[in-house]
Asks: 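My structure is below; once you've seen it, I'll send some questions.
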Amino acid sequence: MAVSTGRVTAAGDSARGSRHDKRRQRRSMSTHWYAWAMIAPVLVVMLVLIGWPLARGIYLSLTDATEANIGRTIGVNVIPSTYEFVGLDNYLQILTSSLFWDKLLWTVVWTAACVALHYGIGLGLAVMLNRRMRFRSLYRVLLILPWAVPAFVAAFIWRYLYNSDYGVINGFLKLAGLSGVGWLDDPLTAKIAVIAVNVWIGVPFMMVALLGGLQSIPAELYEAAEVDGASPWQRFRSITLPGLRQVSGTVVLLGTIWTFNMFPIIFLVTRGGPGSETEILVTYAFREAFTGIRNYSGSAAWGVLILAMLVVLAVGYRRTLRSQGDPW
């Protein structure tokens, strides 16, 4: 009898809790209806521009859709789609090919090198600009200019600079008595070239973000450490780096996602060449969908794999930061 009473009591508590939650939700909706109304258009736009293409891409990745069997209209003639559902065949084909792992390895190297250089150079410039110096505002403007230049414009400029015959870089080498370099003709130099372009574009963002973080660190901490006899390196290691932890975590994650998917620099500077040596995952997915017999299902599968890797990376990175005490 006591057990029965306990079950009834627990059921009653659960029902009252459920009614309380519903009343609280209705109260929240009635109180904050204006906020919900304001974000509703944004949610609709996101569903249309992100949700639907994402769902469509996932569906296509599970089919054998190509340019040959996709539905299309030619004049007044409507040709129906003939592609079929194939399940995970596209993913198995990609994951068991050496091509995918070669592209993934270069993409990881490209991302790691660019983000490390972005952060290292950006932090150095931020520390320099955080000090009192003449013409500091002018330096800030000049250093942030690469960020203001559109990526496709920067890519075309750098492609001209790297030109073997008429490029400015080889021109300076010849003036110095050295022979010119085919920057975009050799796999190693082409990879170094695209990393240099991406670093030139990405450093200003890191610099600005880290400079804001530096200016949020109380100056009293540095003064107290200096009074205690701490060296500049000790102050940097014990005050600056811990004070930048939250900002650093955010910008490194954003930089990793952006660089992993940095399509315009690779595509416009080297076209993925020589051969396909500088192609990263996202440029190869583009090539699958828009060159030759367009393989829409294969390209969609590549895109879903890229998304899955970035989601796993972001979740793992956030958990690591939380385990170290960061709130986000």
Side-chain angles (χ1 to χ4, degrees), residues 39 42-43 46 49-51 53-54 57-58 100-101 103-127 129-130 143-144 146-151 154 191 194-217 236-237 239-267 279-286 302-328:
I39 66 173
V42 178
L43 292 176
M46 290 184 64
L49 297 182
I50 299 177
L54 177 60
I58 294 174
F100 171 78
W101 298 106
K103 299 305 177 191
L104 177 60
L105 176 61
W106 161 234
T107 303
V108 171
V109 171
W110 147 267
T111 303
C114 289
V115 174
L117 290 170
H118 285 165
Y119 186 83
I121 298 174
L123 179 59
L125 293 174
V127 170
L129 293 177
N130 195 41
L143 289 171
I144 206 173
W147 193 24
V149 177
K191 290 177 179 180
V194 291
I195 289 174
V197 176
N198 196 53
V199 169
W200 183 80
I201 292 175
V203 161
F205 168 75
M206 287 286 185
M207 180 192 71
V208 171
L210 294 173
L211 181 59
L214 287 173
Q215 293 178 346
S216 68
I217 300 175
F236 177 79
R237 186 182 61 186
I239 299 175
T240 303
L241 290 181
L244 290 175
R245 180 177 296 173
Q246 292 187 22
V247 176
S248 298
T250 303
V251 297
V252 168
L253 178 59
L254 292 175
T256 300
I257 294 173
W258 291 339
T259 306
F260 200 88
N261 285 325
M262 182 54 72
F263 174 84
I265 299 304
I266 298 292
F267 187 77
E279 273 194 328
I280 58 177
L281 293 175
V282 68
T283 58
Y284 188 83
F286 171 86
W302 280 78
V304 173
L305 288 173
I306 294 170
L307 174 62
M309 286 186 285
L310 290 176
V311 169
V312 171
L313 171 66
V315 171
Y317 188 71
R318 288 187 61 185
R319 287 185 175 179
T320 301
L321 293 180
R322 285 181 178 177
S323 67
Q324 296 175 354
D326 288 338
W328 72 285

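This is a predicted model, so every value here is computed, not measured.
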Asks: Let me confirm one number: the CG-CD1 distance from Asn198 to Ile195, rounded to the nearest 0.5 Å.
Replies: 8.5 Å

Asks: For the pair Leu281 and Leu305, evaluate side-chain contact (heavy atoms from CB on, under 4.5 Å) and give the outcome as yes or no after the intermediate values.
Replies: CA-CA 9 Å; Leu281 293 175; Leu305 288 173; over 6 Å; no

Asks: Would you say the side chain of Thr107 lies within less than 4.5 Å of the side chain of Ile306, judging by non-hydrogen atoms?
Replies: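 Not touching, per the 4.5 Å side-chain cut-off.
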
Asks: Does any part of the side chain of Val282, heavy atoms only, come nearer than 4.5 Å to the side chain of Phe260, both counted from C-beta?
Replies: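 With C-beta onward as the side chain, the pair stays apart.
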
Asks: Any idea how Phe263 and Phe267 line up, ring-wise: parallel (<30°), tilted (30 to 60°), or perpendicular (>60°)?
Replies: parallel

Asks: Kindly indicate, with the supporting measurements, whether the criterion side-chain contact (heavy atoms from CB on, under 4.5 Å) is fulfilled by Met262 and Ile201.
Replies: CA-CA 11 Å; Met262 182 54 72; Ile201 292 175; 5.6 Å; no

Asks: Show the nearest heavy-atom pair for residues Gly122 and Leu210, with the distance to one decimal.
Replies: C-CD1, 4.0 Å

Asks: Taking ring-ring contact (aromatic ring centres under 6.0 Å, His included) as the test, write out the residues that go with Trp147, two or more places apart.
Replies: Phe205

Asks: Measure the spacing between OG1 of Thr240 and CZ of Arg245 and express it to the nearest 0.5 Å.
Replies: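 Those atoms lie 13.0 Å apart.
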
Asks: Measure from the side-chain N and O atoms of Trp110 to the backbone N and O of Thr259, and report whether any donor-acceptor pair falls under 3.5 Å.
Replies: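 Between the backbone of Thr259 and the side chain of Trp110 there is a qualifying donor-acceptor contact (under 3.5 Å).
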
Asks: So, do Gln215 and Asn130 sit near enough that their side-chain heavy atoms are less than 4.5 Å apart?
Replies: yes

Asks: Taking all atoms of both residues into account, what is the closest heavy-atom pair of Ile265 and Val194, and its distance?
Replies: CG2-O, 4.0 Å

Asks: For a 4.5 angstrom cut-off between non-hydrogen side-chain atoms, does Ile266 reach Phe286?
Replies: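 They are not in side-chain contact.
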
Asks: Taking all atoms of both residues into account, what is the closest heavy-atom pair of Val247 and Gly213, and its distance?
Replies: CG2-CA, 4.1 Å

Asks: On a heavy-atom basis, which atom in Leu211 and which in Leu129 lie closest, and how many Å separate them?
Replies: CD1-C, 4.2 Å

Asks: Show the nearest heavy-atom pair for residues Val251 and Ala209, with the distance to one decimal.
Replies: CG1-CB, 3.4 Å

Asks: Any non-hydrogen side-chain atom of Thr283 less than 4.5 Å from a side-chain atom of Ile280?
Replies: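 In contact.
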
Asks: Show the numbers, then the answer: is there a side-chain contact (heavy atoms from CB on, under 4.5 Å) between Phe100 and Trp302?
Replies: CA-CA 9 Å; Phe100 171 78; Trp302 280 78; 3.8 Å; yes

Asks: Does any non-hydrogen side-chain atom of Tyr317 lie less than 4.5 Å from one of Thr256?
Replies: no

Asks: So which pairs with a foot in residues 111-124 pass side-chain hydrogen bond (donor to acceptor under 3.5 Å, both in side chains), sequence neighbours left out?
Replies: Tyr119-Ser248

Asks: Is there a side-chain contact between Phe236 and Leu123 (heavy atoms, below 4.5 Å)?
Replies: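 Side-chain contact under 4.5 Å: yes.
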
Asks: Do you know which two heavy atoms are closest between Leu253 and Ala314, and how far apart they sit?
Replies: CD1-CA, 3.9 Å

